[in-house]
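To find a chain, count down the sequence lines: A is the first, B the second, and so on, and within it residues start at 1.
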Number of protein chains: 2
Amino acid sequence: MKLSTRSRYGTRLMLDMAEHYDDGPIHLMKIAQRQGISVKYLEQIIIPLKKAQYIKSLRGPKGGHVLAKPPEEITVGEIVALLEEGDSLVECSQNAEVCERSSVCPTRQVWREAAAAMFAKLDSVTLADLLNRT
Amino acid sequence: MKLSTRSRYGTRLMLDMAEHYDDGPIHLMKIAQRQGISVKYLEQIIIPLKKAQYIKSLRGPKGGHVLAKPPEEITVGEIVALLEEGDSLVECSQNAEVCERSSVCPTRQVWREAAAAMFAKLDSVTLADLLNRT
DNA sequence: GCTAATGTATATAGAAACGATATAGAATAA
DNA sequence: TTATTCTATATCGTTTCTATATACATTAGC
């Protein structure tokens, strides 16, 4: 039930970009160095973030990546839900059909409530909030 | 970030035992059949639950397993924390030394808050509550 | 005491996910 | 045109997950 490095690294990636929001396009290489994460791995993690339009990219010399929205408008919950593929703790929350017991399972509801509590907290924190904390 | 089958099966195991709390020692085999889970796998999952004194067992003929406490006194949060090895979402919540950035990491605090919100919900639900819901 | 019924312990193993790296290609500013 | 940067795919070793198998220990009931 631990968070994967995908969402943890992804959040740090986004936070690093938020920190340099006004500096124009940033090289992934720079972020990788600052955060101590492999560039190659970040290149994978950034893909869904770009698809979901959280990040815009420019190729070529002077290229790089920029947040598509100001840090105030991006929550940690969004990032985690994106990179963990959904905001649930169990598969059957989203797809009831993966388990025949879904309709009568008393535990299923608890997992949904727990996930909701968790994401309510995560959704209440923006990248800007995180920056202000430091 | 999904819950493992350990905590999910473990919770169903405990709930099944709660349901038959007054029937004396229950065979794992029975629970396995009712819940559609392999006996051998349940035998593994039950070990930490016994060590943590949630379950008492009797060997030999007429043996079986019983809850060591009434269902009102066992929360889902306890079971999950036990079987997921801790009530945190990231390793560094418990052991700061696994990451040199722990002391200054702005995301670490968020993961702690999210885990706290999640377990507050899980801790508020007892096995008895779950039984009453059905 | 024996014996059958039950739980206990340990080892093994296939499958899937995780974490990371490598290679080749496409776009573009200068 | 070229150097720089992002993009797309493939690969790969490790770990964790899930499950099964085998051998052993305990004990109620005869």
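Summary of the strand contacts: B:Ile47 and B:Leu28 both lie near DNA chain C, and taking for each the nucleotide with the nearest heavy atom, the more 5' one is attributed to B:Leu28. Between B:His27 and A:Arg59, the residue whose closest nucleotide on DNA chain C is further toward the 5' end is B:His27.
Residue A:Leu58 is in sugar-phosphate contact alone, with no base atom involved, counting any heavy-atom pair closer than 4.0 Å across all strands shown. Note on B:Lys30: nothing from the nucleic acid sits closer than 4.0 angstrom, heavy atoms only. Among the atoms of the strands shown, none is found under 4.0 Å from any heavy atom of B:Ile46. As judged by a 4.0 angstrom heavy-atom cut-off over every strand, A:Ile26 is placed among residues touching the sugar-phosphate backbone only.
Residue B:Glu100 qualifies as open at atom CD: its count of foreign heavy atoms under 6.0 Å is 12 or below.
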Return the polar atom pairs (N/O with N/O) between nucleotides 16-19 of chain C and the protein under 3.5 Å, or none.
from: C:dG19; atom 1: OP2; to: A:Thr5; atom 2: N; distance (Å): 3.0
from: C:dG19; atom 1: OP2; to: A:Thr5; atom 2: OG1; distance (Å): 2.8
from: C:dG19; atom 1: O5'; to: A:Thr5; atom 2: OG1; distance (Å): 3.3

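Residue A:Lys50 places at least one side-chain N or O under 4.0 Å from the OP1 or OP2 atom of D:dT7. Checking the phosphate oxygens (OP1, OP2) of D:dC6, a side-chain nitrogen or oxygen of A:His65 falls inside 4.0 Å. Regarding contacts with the backbone of D:dC6, every side-chain N or O of A:Ser57 stays at 4.0 angstrom or more from both OP1 and OP2.
Atom CD in A:Glu43 sits about 16 Å away from atom P in C:dA26, given to the nearest Å. Atom-to-atom, CD1 of B:Ile45 to C1' of D:dT20 comes out at 13 Å; the value is rounded to the nearest Å. When rounded to the nearest whole Å, the span between NZ of B:Lys51 and P of C:dG7 equals 18 Å. One interatomic measurement links the two molecules: CE of B:Met29 to C1' of C:dA4, which rounds to 17 Å at whole-angstrom precision. In this entry the distance linking CG of A:Leu49 with C1' of D:dT7 reads 15 Å, nearest Å. As rounded to whole Å, 14 Å separates atom C1' of C:dT8 from atom CD1 of B:Ile55. Summarising the geometry, the separation between CD1 on B:Ile37 and P on D:dT20 is reported as 12 Å, rounded to the nearest angstrom.
Nearest to the side-chain atoms of B:Lys40 among the listed nucleotides D:dT27, C:dT23, D:dA21 stands D:dA21. Closest approach to the A:Ser38 side chain among C:dT21, C:dA5, D:dC6 is made by C:dT21 (side chain taken as heavy atoms from C-beta onward). With D:dA28, C:dA30, D:dA8 as the candidates, the nucleotide lying closest to the side chain of B:Lys62 is D:dA28.
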Chi angles and distances behind the side-chain contact (heavy atoms from CB on, under 4.5 Å) call for A:Thr107, B:Arg8 | CA-CA 8 Å; A:Thr107 61; B:Arg8 292 191 285 120; over 6 Å; no

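Here OG of B:Ser7 is found 11.5 Å from CZ of B:Arg12. Values are rounded to the nearest 0.5 Å. Here NE2 of A:His20 is found 9.5 Å from NZ of A:Lys30. Values are rounded to the nearest 0.5 Å. We find the NE2-NZ distance between A:His27 and A:Lys62 to be 7.5 Å, quoted to the nearest 0.5 Å. Note: A:Asp16 CG to A:Leu127 CG = 11.0 Å, rounded to the nearest 0.5 Å. Here CE of A:Met14 is found 5.5 Å from CG of A:Leu49. Values are rounded to the nearest 0.5 Å.
Between the side chains of A:Glu97 and A:Ser102, not a single donor N or O lies within less than 3.5 Å of an accepting N or O.
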